[in-house]
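These notes concern the structure reproduced below.
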Amino acid sequence: MKHDIFKGHLFLLTVILLSLGSSVFDGIIPAFWADLVHQIIFLGLPVVFYVFRSGKSASRTLRLNPLTPFDVTILGLVALLMQPAVYLLASFAQIIFGNQLEFLFSDLTTQPVWYLMLSIAIAPAIFEELVLRGVVLDAYRGQNLYTAVVMNGFLFGLFHMNINQFVYTFFIGVILALSVYYTNSIFAGVLIHFMNNMLSVVALKYPDSWYAKLEMWLYAIESPLDLLRFVVLGIVSFVIAFRLVNLLGRKNRKRYLHDASQVSFERIVNWPLLALCALFVVISTVLTMTLGSV
């Protein structure tokens, strides 16, 4: 396991740099399919190449193990009940840093719902999980559990390359990493990730649906009492999400305790991690300055 963390950080840095350089394909790939093709080429293929070159077992590295019905039930509840916490963190980031999401995804409402489900819910749930909860989380085998999941959340936040998303994707990344660790299955991350993004698509494309109306009622702030309700609901959601994930841990101890016998003393801070942080700061600053001038 020597240098596994270094390789994991370097892999993530490479994936992000490749993604940033994907503009060379502009004009070659039809704009409608560009986002989906981007995820396949710059997220999926590097994972295949990494596993092939490493000589490791793909099943073990990517945790390609099935979920139990109990797992699926708890994970579905986690995905639903963590939403107020996600909204609270997203609102907090928006107040401080502005709404970079509106700038980045302003044209999504014009796309058909099937395409949004495919490019926003299904593809990221597969390919981002293979990268973050597959290759990168595997690089932290032998580390303390809390170090591994907190760093995975931190790296998931950096992966999005803007400060607005960093705040809540850090939280989501920790939830995903814990869920994958406790079930020893990457499909735990895929399920939560898919449901989280799917709910966003539903609220965006179907503003008259019961879910969208529930969101508007829960998160509308028109008075100090509404603000108090919003904050309390977010905090309660935060606690419940972690309690449900810990329930998975208690029920699945035999599925992940084998990792406890592996101990690694590799340093976490290395030049690929510092480069990731520096790149994040530069891109976030450029985005913030760009938005400020619009």
Side-chain angles (χ1 to χ4, degrees), residues 30-36 38-39 75-129 156-157 160-173 175-176 189-238 240-241 287-288 290-292 294:
F32 186 78
W33 296 105
D35 188 55
L36 182 61
H38 164 93
Q39 294 181 66
L75 292 166
L77 288 173
V78 171
L80 288 171
L81 297 178
M82 76 178 190
Q83 293 305 308
V86 173
Y87 270 87
L88 179 62
L89 293 171
S91 299
F92 175 76
Q94 184 174 331
I95 290 171
I96 297 176
F97 305 110
N99 191 354
Q100 296 181 0
L101 297 184
E102 185 176 3
F103 174 77
L104 294 172
F105 306 121
S106 57
D107 63 337
L108 291 183
T109 55
T110 63
Q111 302 293 353
V113 67
W114 67 265
Y115 176 78
L116 293 180
M117 283 294 184
L118 185 60
S119 62
I120 293 179
I122 298 174
I126 295 173
F127 297 116
E128 290 183 14
E129 289 307 301
F156 190 49
H160 287 82
M161 285 289 139
N162 70 83
I163 192 65
N164 189 280
Q165 285 182 287
F166 175 87
V167 175
Y168 66 86
T169 53
F170 191 135
F171 162 68
I172 294 174
I175 290 289
L176 292 171
V190 170
L191 177 58
I192 295 178
H193 201 146
F194 167 75
M195 288 188 64
N196 179 74
N197 291 13
M198 178 199 67
L199 292 172
S200 297
V201 172
V202 170
L204 177 70
K205 294 296 290 185
Y206 300 105
D208 294 327
S209 66
W210 68 266
Y211 179 76
K213 290 180 178 178
L214 177 63
E215 272 195 354
M216 290 183 64
W217 178 76
L218 287 175
Y219 309 133
I221 301 176
E222 299 177 354
S223 69
L225 187 60
D226 290 337
L227 177 60
L228 178 62
R229 181 192 64 205
F230 182 50
V231 172
V232 171
L233 187 62
I235 294 172
V236 171
S237 167
F238 184 89
I240 289 176
L287 275 176
T288 302
T290 301
L291 287 171
V294 173

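These numbers come from a predicted model, not from an experiment. These numbers come from the heavy atoms of this one structure, side chains and all, not from hydrogens, waters or symmetry mates.
No donor-acceptor pair under 3.5 Å is formed between the side chain of Ser237 and the backbone N or O of Leu233. The backbone N or O of Ile172 lies less than 3.5 Å from no partner atom in the side chain of Thr169, so there is not a single donor-acceptor pair.
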Evaluate Leu75 against Met195 for side chain to side chain contact (heavy atoms under 4.5 Å, CB included), listing each step before the verdict. CA-CA 10 Å; Leu75 292 166; Met195 288 188 64; over 6 Å; no
Stepwise, does the side chain to side chain contact (heavy atoms under 4.5 Å, CB included) test hold for Leu88 with Phe238? CA-CA 10 Å; Leu88 179 62; Phe238 184 89; over 6 Å; no
Worked check of side chain to side chain contact (heavy atoms under 4.5 Å, CB included) between Met117 and Val202: CA-CA 9 Å; Met117 283 294 184; Val202 170; 4.1 Å; yes
Audit row: Arg229, Leu218, side chain to side chain contact (heavy atoms under 4.5 Å, CB included) steps and yes/no: CA-CA 8 Å; Arg229 181 192 64 205; Leu218 287 175; 5.5 Å; no
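Phe92 contributes atom CZ, which lies 3.0 Å from atom CD1 of Ile96 (distance to the nearest 0.5 angstrom). For the atom pair CG (Leu287) and CG (Asn164), the distance works out to 10.0 Å, reported to the nearest 0.5 Å. A distance of 11.0 Å separates CD1 of Ile122 from CG of Leu116, quoted to the nearest 0.5 Å. Atom-to-atom distance recorded for Gln83:CD and Ser200:OG is 6.5 Å, nearest 0.5 angstrom. Between the CD atom of Gln111 and the CG atom of Leu118 there is a distance of 11.5 Å, given to the nearest 0.5 Å. Atom CZ of Phe156 and atom CD of Gln165 lie 9.0 Å apart (nearest 0.5 Å).
Aromatic ring pairs are classed by plane angle as parallel below 30°, tilted from 30° to 60° and perpendicular above 60°; the pair Phe230 and Tyr219 is perpendicular.
Residues Tyr206 and Tyr211 keep their aromatic ring centres 6.0 Å or farther apart.
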